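Because the structure is predicted, anything quoted here is derived from the model rather than measured.
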Amino acid sequence: HRNVYAALSASLDMLARHDPAGPDRFLDLAVFPRGERIPQQAVVHFWQRQEGYSARAARKLLTLLARGSLVILDGFGPDAHLKIHDLQHDFLRSRLGERVSDLHAQFIVAYRNQCEGRWHEVSDDGYIYRRLLWHLMQLGRKDEALALLLDVRWLQSSTTAAGLLSLLRDFDSFPEDADLRLVRDALRLGAKGIAERPGELTAQVRNRLFGINNPRLQSLLHGPSADAWLRTLEPTLAQSSGPLLLSIQAHDGNVKGLAVI
C-alpha cells in the first residue's frame, strides 16, 4: 500500500493549506471503528474538544475531506454520515501508532464532560449509545463497561436511543460472565414487550430477575431507575433462569420452517 499511503500523505499536505488543523482532525478519525458508518454529529462533537474549533469549522472540514476523497460523506445536514475506506483507516492507524489510545481517552472525556459522568444522560448523536462500550474496552476499562451493563438506567437509555439489538450485542461481548447472561436473557425474554413499550424495560428486567439473591445484581434490581415502573409482589413473567429462551411473535400464515442461529 506504499503508493496509496504516499498519495494520502500528499493529500494531507494540500489539506493543511486550506485548514492548518485539518490534518490533525483527519487523523482523529482513527478513533472510530474500522468500517463504521459514523454520524456527522459524532465527528463534529469530538473535533470540538479542541478549544476554538467550532461546529461550523468542523462541518466545513468534512466537506473538504469529502471533496478530496479522504472520506465518503452520505446525506446532508445533521443526519449526514461518513465512512472511511479501510485503506485510509489503516493509514490513519499507522500514522498514529500507540497514540490511538490517547484519542480514545480524549473521546471518552469529551462525552463524559457533556453528561458530567452520568452516561445514561448523554445526548444521543446516533453513535455514543451504540459504541461507548467499545471505546471503553479499547482503553482496557472493562470494569466501567460492565458497570454500565448492570445499570438499569443505561439499559433504558441505550435501548431507547440505539435499540435493543444494539444493547444485546454489547452483552454478547462478555459471553463468559454468568451474571451478565442472566440480564441478557431477561432482555431477550422481554424483547417483544420492550420493543412495543420501551418504557417498560425496567419492569421487564426486574420482574424476570425476581428473587435472585446475587450481590452483583442488587444495584440493577433495587437501585435508581430512569422512569417510574410497576413493582409486583411476586414474579409474573417467565424468569431469566428458566428454560424459556425467547418468545417468537405469531403471524397469520403457516409456519413452514424455523432457523435458530
May I ask you to decide whether Arg49 forms a salt bridge with Asp28, counting only side-chain N to carboxylate O separations under 4.0 Å?
-> yes
Ion pair check, Asp172 and Arg169, cut-off under 4.0 Å = no
Can you name the residues that form a side-chain hydrogen bond (donor to acceptor under 3.5 Å, both in side chains) with Asp151, not counting sequence neighbours?
-> Arg153
Contacts of Gln50 that satisfy side-chain hydrogen bond (donor to acceptor under 3.5 Å, both in side chains) - sequence neighbours left out | none
Distance (rounded to the nearest 0.5 Å) between [X] [atom1] and [Y] [atom2]:
X      : Y      : atom1 : atom2 : answer
Leu132 : Trp119 : CG    : CH2   : 5.0 Å
Tyr111 : Gln106 : OH    : CD    : 13.5 Å
Leu92  : Leu29  : CG    : CG    : 6.5 Å
Arg188 : Leu165 : CZ    : CG    : 10.0 Å
Leu180 : Leu149 : CG    : CG    : 5.5 Å

Are any side-chain N or O atoms of [X] and backbone N or O atoms of [Y], one a donor and one an acceptor, separated by less than 3.5 Å?
X      : Y      : answer
Gln114 : Ser123 : yes
Gln156 : Pro198 : yes
Asn207 : Thr236 : yes
Trp47  : Tyr53  : no
Gln239 : Leu237 : yes
Tyr129 : Val122 : yes

Looking at Ser225 and Arg206, what are the two nearest heavy atoms and their distance?
-> CB-NH1, 4.2 Å
Which atom names give the shortest non-hydrogen contact between Arg208 and Ala186, and what distance separates them?
-> CD-O, 3.4 Å
Show your working on salt bridge (charged side-chain N to carboxylate O under 4.0 Å, His left out) between Lys60 and Asp19 and close with a plain yes or no.
-> CA-CA 10 Å; Lys60 182 179 179 181; Asp19 183 345; over 6 Å; no
In one Ile/Leu/Val/Met/Phe/Trp/Tyr side-chain cluster, 4.5 Å: [X], [Y]:
X      : Y      : result
Phe210 : Val152 : no
Leu87  : Leu15  : yes
Met137 : Phe107 : yes
Val100 : Trp134 : no
Leu168 : Val183 : yes

Worked verdict on Arg216 versus Asp177 for salt bridge (charged side-chain N to carboxylate O under 4.0 Å, His left out) | CA-CA 12 Å; Arg216 193 173 173 216; Asp177 193 309; 2.8 Å; yes
Mark yes when over 12 heavy atoms from residues, nucleotides or ligands other than Glu98 sit less than 6.0 Å from its CD; otherwise mark no.
-> no
Count the heavy atoms of every other residue, nucleotide or ligand shown that sit under 6.0 Å from CZ of Arg112, and state whether that count exceeds 12.
-> yes
Is the shortest heavy-atom distance from the side chain of Leu82 to the side chain of Phe32 under 4.5 Å?
-> no
4.5 Å side-chain heavy-atom contact, Leu155 and Thr202 | no
Go through the steps for Phe26 and Leu70 under the test side-chain contact (heavy atoms from CB on, under 4.5 Å), then give the verdict.
-> CA-CA 8 Å; Phe26 180 58; Leu70 292 173; 3.8 Å; yes
Using the side-chain contact (heavy atoms from CB on, under 4.5 Å) rule, take His135 and Leu139 through it: C-alpha gap first, then chi angles, then the decisive distance, then the call.
-> CA-CA 7 Å; His135 287 281; Leu139 288 169; over 6 Å; no
Residue pairs passing the ring-ring contact (aromatic ring centres under 6.0 Å, His included) test where at least one lies in residues 61-97, sequence neighbours excluded = Tyr5-Phe91
Just do the side-chain contact (heavy atoms from CB on, under 4.5 Å) check on Arg93 and Arg34 with the steps written out, would you?
-> CA-CA 10 Å; Arg93 289 295 181 104; Arg34 195 171 190 257; over 6 Å; no
